[in-house]
Chemist: 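There's a structure below that I have some questions on.
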Amino acid sequence: MARFPLAAALKKTFAKPTDYASAAGIAFAVFALFVLVPVWTTPGNDVRFQLHLLPWSVLALMVVLSVSNGVLVHMQLWLRRHRLAVGTGKQAAGALGILASSIAATMACAACYSSLLAVFGLGGTIFVATYRWWFAAFAFALTVYALYHTSRRVLGLCDACRIG
């Protein structure tokens with residue numbers, strides 16, 4: 001078996017045409033949250049203005065993270081449907097990876113800093129603004145890590161995840 005079993009796991013979890021629609025819908029919802037969170041937390045902001053503020057590099061990052069998180073969530077739902085994630089506590093790692101990478105992805109966006117200012121204060125916001133691409137790289141690494149372990153669970157390669 002390959003070291004990174006993502007291709008085999010994708011083939012298994014995307015067996016039906018409706019699976020592609022499910023992952024695309026989840027990816028769209030994640031992208032919408034990336035755009036809507038700063039709109040909701042910044043007074044006077046709207047979706048068109050928010051999208052106008054984002055440079056192409058940040059939009060590309062948001063699309064990549066949205067698609068990868070959409071695939072990851074779809075794979076986790078597939079596992080739940082096929083009862084491969086029964087009571088081991090390992091399903092929390094996938095959910096934590098999705099949440100952490102989504103939060104870290106918003107830190108790469110300069111327009112999201114108003115909501116960060118409310119949470120982290122001025123010093124924390126300046127730190128995040130200075131190292132925002134490192135936060136984005138960390139978000140992508142978390143997503144890849146979660147995809148790797150979810151792929152192993154889908155293929156039954158995880159010894160700790162086996163069902164008695």
Side-chain angles (χ1 to χ4, degrees), residues 2-42 45-85 90-116 119 128 131-158 161:
R3 285 185 178 253
F4 194 72
L6 182 61
L10 288 176
K11 185 176 181 181
K12 191 171 185 178
T13 56
F14 286 93
K16 298 181 288 187
T18 56
D19 294 334
Y20 292 101
S22 169
I26 295 166
F28 180 77
V30 171
F31 184 82
L33 279 176
F34 285 160
V35 173
L36 291 176
V37 166
V39 169
W40 293 332
T41 58
T42 306
N45 197 358
D46 63 358
V47 173
R48 186 165 36 137
F49 182 68
Q50 180 67 28
L51 289 174
H52 175 72
L53 289 175
L54 297 174
W56 288 105
S57 58
V58 172
L59 280 174
L61 173 69
M62 289 168 58
V63 167
V64 167
L65 285 172
S66 297
V67 169
S68 59
N69 280 323
V71 169
L72 182 60
V73 170
H74 173 74
M75 289 173 76
Q76 290 288 335
L77 292 174
W78 186 91
L79 282 169
R80 185 171 292 264
R81 273 195 311 265
H82 289 83
R83 303 196 192 283
L84 294 176
K90 300 293 182 184
Q91 61 266 30
L96 182 63
I98 294 166
L99 178 65
S101 65
S102 298
I103 291 171
T106 61
M107 293 183 184
C109 167
C112 301
Y113 291 150
S114 63
S115 57
L116 290 177
V119 176
V128 169
Y131 299 107
R132 67 179 173 262
W133 291 107
W134 287 104
F135 281 102
F138 179 69
F140 185 70
L142 275 177
T143 304
V144 170
Y145 178 78
L147 277 170
Y148 171 74
H149 284 288
T150 302
S151 297
R152 288 179 47 86
R153 285 179 54 215
V154 165
L155 297 175
L157 299 175
C158 179
C161 305

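Everything numeric here is computed off the predicted structure, so don't read it as measured data.
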Chemist: Give every residue pair that meets the side chain to side chain donor-acceptor pair (under 3.5 Å) criterion with at least one member in residues 52-63, sequence neighbours excluded.
Modeler: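 Matches after skipping sequence neighbours: none remain.
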Chemist: Distance from N69 atom CG to M62 atom CE, nearest 0.5 Å?
Modeler: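 If we round to the nearest 0.5 Å, N69:CG and M62:CE are 12.0 Å apart.
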Chemist: Once rounded to the nearest 0.5 Å, what's the spacing between atom CG of L72 and atom CG of L65?
Modeler: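 Here the interatomic distance stands at 11.5 Å.
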Chemist: Side chain of K12, backbone of L155: donor and acceptor closer than 3.5 Å?
Modeler: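 No, K12 side chain to L155 backbone: no donor-acceptor pair under 3.5 Å.
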Chemist: Run the side-chain contact (heavy atoms from CB on, under 4.5 Å) test on L77 and T13 for me, step by step, so that the C-alpha distance in whole Å, both residues' side-chain angles and the decisive distance to 0.1 Å come before the verdict.
Modeler: CA-CA 10 Å; L77 292 174; T13 56; over 6 Å; no
Chemist: Using a 4.5 Å cut-off on heavy atoms from C-beta on, say whether the side chain of R153 contacts that of Q76.
Modeler: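 Result yes, sub-4.5 Å side-chain heavy-atom pair found.
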Chemist: Sequence neighbours left out, what pairs pass side chain to side chain donor-acceptor pair (under 3.5 Å) with at least one residue falling in residues 23-36?
Modeler: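 Non-adjacent pairs meeting side chain to side chain donor-acceptor pair (under 3.5 Å): zero.
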Chemist: Pair W133, V58 - check side-chain contact (heavy atoms from CB on, under 4.5 Å), show working.
Modeler: CA-CA 10 Å; W133 291 107; V58 172; 4.0 Å; yes
Chemist: Does Y145 have any side-chain contact (heavy atoms from CB on, under 4.5 Å) partners at least two apart in sequence or in another chain, and if so, which?
Modeler: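 side-chain contact (heavy atoms from CB on, under 4.5 Å) check on Y145 returns H149.
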Chemist: How long is the straight-line distance from CG of L6 back to OG1 of T150, given to the nearest 0.5 Å?
Modeler: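 Those atoms lie 9.5 Å apart.
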Chemist: Which heavy-atom pair separates F14 from D19 by the least distance, and what is that distance?
Modeler: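 Closest approach of F14 to D19: CE2-O, 3.5 Å.
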Chemist: Using a 3.5 Å cut-off and no angle test, enumerate the donor-acceptor pairs between side-chain atoms of residues 20-35 and protein atoms at least two apart in sequence or in another chain.
Modeler:
unit_1, atom_1, unit_2, atom_2, d
S22, OG, H74, ND1, 3.4

